[in-house]
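Just below is one structure, and these are the notes that go with it.
Note on naming: letters A, B, ... go to the chains in the order of the sequence lines (proteins, then strands), and numbering restarts at 1 for each one.
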Protein chains: 2
Amino acid sequence: MKRVCIVGAGNWGSAASMIIARNMKRYDHFENTVNMWVYEEMIDGRKLTEIINTEHRNVKYLPDHELPENVVAVPELLDAVCDCNVLVFVLPHQFLHRTCKTLKGRLPPDTIAISLIKGIDFNEEGVVLMTDMIKNELDIDVSVLSGANIANEIAAGKFCESTIGYADEENATTFYEMFNEKNFRISIVNDIESVQVFGAIKNVIALGAGFCDALEMGNNTKAALIRIGLLEIQRFARKYFGPINDAAMLESCGLADLITTCLGGRNRRCAEAFGRADGKRSWEELEAEMLNGQKLQGTSTCLEVMKILKRDNAVGDFPFMELIHNVAYEGAPISTIVDFPDEHAPA
Amino acid sequence: MKRVCIVGAGNWGSAASMIIARNMKRYDHFENTVNMWVYEEMIDGRKLTEIINTEHRNVKYLPDHELPENVVAVPELLDAVCDCNVLVFVLPHQFLHRTCKTLKGRLPPDTIAISLIKGIDFNEEGVVLMTDMIKNELDIDVSVLSGANIANEIAAGKFCESTIGYADEENATTFYEMFNEKNFRISIVNDIESVQVFGAIKNVIALGAGFCDALEMGNNTKAALIRIGLLEIQRFARKYFGPINDAAMLESCGLADLITTCLGGRNRRCAEAFGRADGKRSWEELEAEMLNGQKLQGTSTCLEVMKILKRDNAVGDFPFMELIHNVAYEGAPISTIVDFPDEHAPA
């Protein structure tokens, strides 16, 4: 019998809880109740967990949608995961380390996990994946879910797709059952790594798309840059994670998420503003002005990616990322965003 | 020594002549002069060929850009191709048959050709490629060029990419030299067929993108539909042309052209209007009102594609194309555009 706990109750965690809770009712081998660990907050004098459990609505992070009644908010992490053997990690990644420390040694031996956390980290050795952080702390199998998904659209039942990257195929089947729905179509790929690489480095490519928009170059140039970007992300994943399942590139987590990130999204939007300001405004200034407290991911990822490519003497294999970096951080004019070197045709 | 004639002088032919004429100066094995066959018209009392040859501007079809002086307009087809052994076909496809008839038996034995003509035809046996029509009439090797390209943007020097599909690799090198430039990046693939299949069937997928826009479903749904469409086009190409070089899908002619067609473009635009009218306006009416004499390609291609898929009992393998067809021609509500059958996950 599988019992699920969602570790995190933000916008995305709440939307995911709607899907998971509906799917729990379709299968006998899942417990009906889904626990959701909610970091306790007071809202107009009431506890958020209490509101969720009585009104079935996360009034703070997903106010417009009702949660199924079998989602149960629990304020204490160890109470929430108690007897649960399927964990869904969906919390801001800066809280991941501390959360894992609390869970260490307290989980049933058959526990498995899936990460819905965005982003990758870097250390002196290179890329650090969220799934590896969880796995190393808790010594459990960890899959990942990523795709062209916006929590509010999913909660509203708009059609989209998502991708599960797995190492253990049997566990992938469990997660497929938990997440797949008519309007949330899941594909599974045997590739933890590139699913996460695409999810993070797409934000670097989105900066290039934003520069392209600042130049008003039109859809054809932008389509070319999305295409080139897709292949460079793929090349990066191959370089740092070995020969991988190329299918991830063509899944929602790859192609579709890259397209949507290059059309909308905060990274594209700030990069367009950066380009239009023609070097006169800093990233910090634009971020503060435009993002209402949210952070740009593309800029920091761009710096980290370039650092390891330089260390590994591989910048020449990633001409678009280099052009983006030069515009974003080296004072190159935005018009140079399409100055691909002659001797090195685009990917 | 290679001597080039551009057969056609519309918007795209004129933009192509600018690139080709510039490249002729870079290589010793090309004649400097590029002939361009121009269907003679009178413009304000003057012959179009005379205007092009004196003012170096195609005032009718590409008025905003100067043509290089080594582009020579010739009004008679057989004069234009005289002594030329490299032909660039870039004319509306309804004129192709008659043009080939005129050329038959009049070309040097070493003649090669490349088609820049959009679209595919259908006959009782199935798909008919433009390259095959030329090849069958003239018995010469024919390559194809297709990509996310708009003539006016290319003439203005905006960065884009394009793809050459070839059967004969040596000839592909010739065409690469003729077309590749800093802001018009060419890749070559050993695959005549799918380059043309993508160029035509993208317009069917663009109808689906337009329906999605009519529903205001947002970028994530649209990105999902672009992804699903890309894989269905690929599957169609594989089905009718055997195991092909999958690389074409990831080239400009595949992915990039599909993206740009689903973002802008007349097929997407008319489909959005069709969807918003909710069955109350016909394709013919919208075409007449919105396209200023141009034709929708997606609708006729959609009908033809569905006809051969039905004949071959293969509709079930192309769920998205079927959904598009049902909305476009069977009176299905536009909301059904994402009603992918449960037993058949999206591509």
Answer yes or no: is there a side-chain heavy-atom contact under 4.5 Å between A/Phe179 and A/Ile114?
yes

Measure the acute angle between the ring planes of A/Phe318 and A/Phe236, then classify it against the limits of 30° and 60° as parallel, tilted or perpendicular.
perpendicular

Highest number of heavy-atom pairs under 4.5 Å with chain A among B/Asp339, B/Asn220, B/Thr260 belongs to B/Asn220

For a side chain to side chain contact (heavy atoms under 4.5 Å, CB included) with B/Arg22, tell me which candidate from B/Met24, B/Met18, B/Arg26 qualifies.
B/Met18

With only heavy atoms counted, which part of A/Leu255 is less than 4.5 Å from chain B, the side chain, the backbone, both or neither?
side chain

Less than 4.5 Å to any heavy atom of chain B: does that hold for the side chain of A/Leu230, its backbone, both, or neither?
side chain

In Å and rounded to the nearest 0.5 Å, what is the CD1 to CH2 distance from A/Ile150 to A/Trp12?
10.5 Å

Salt bridge or not between A/Asp317 and A/Arg235? Use side-chain N to carboxylate O under 4.0 Å.
no

Option that, when pairs with chain B are counted at under 4.5 Å, heavy atom only, ranks first among A/Ser187, A/Gly147, A/Cys160, A/Ser252:
A/Ser252

Decide yes or no for A/Lys158 and A/Asn152: does some side-chain heavy atom of the first lie under 4.5 Å from some side-chain heavy atom of the second?
no

For B/Leu225, is it the side chain, the backbone, both or neither that has a heavy atom under 4.5 Å from a heavy atom of chain A?
side chain

Top of B/Leu215, B/Asn180, B/Asn219 for chain A proximity - count of heavy-atom pairs under 4.5 angstrom:
B/Asn219

Chain A heavy atoms under 4.5 Å from B/Glu216: which part of the residue, side chain, backbone, both or neither?
backbone

Interface moiety of B/Ile226 toward chain A, non-hydrogen atoms closer than 4.5 Å:
side chain

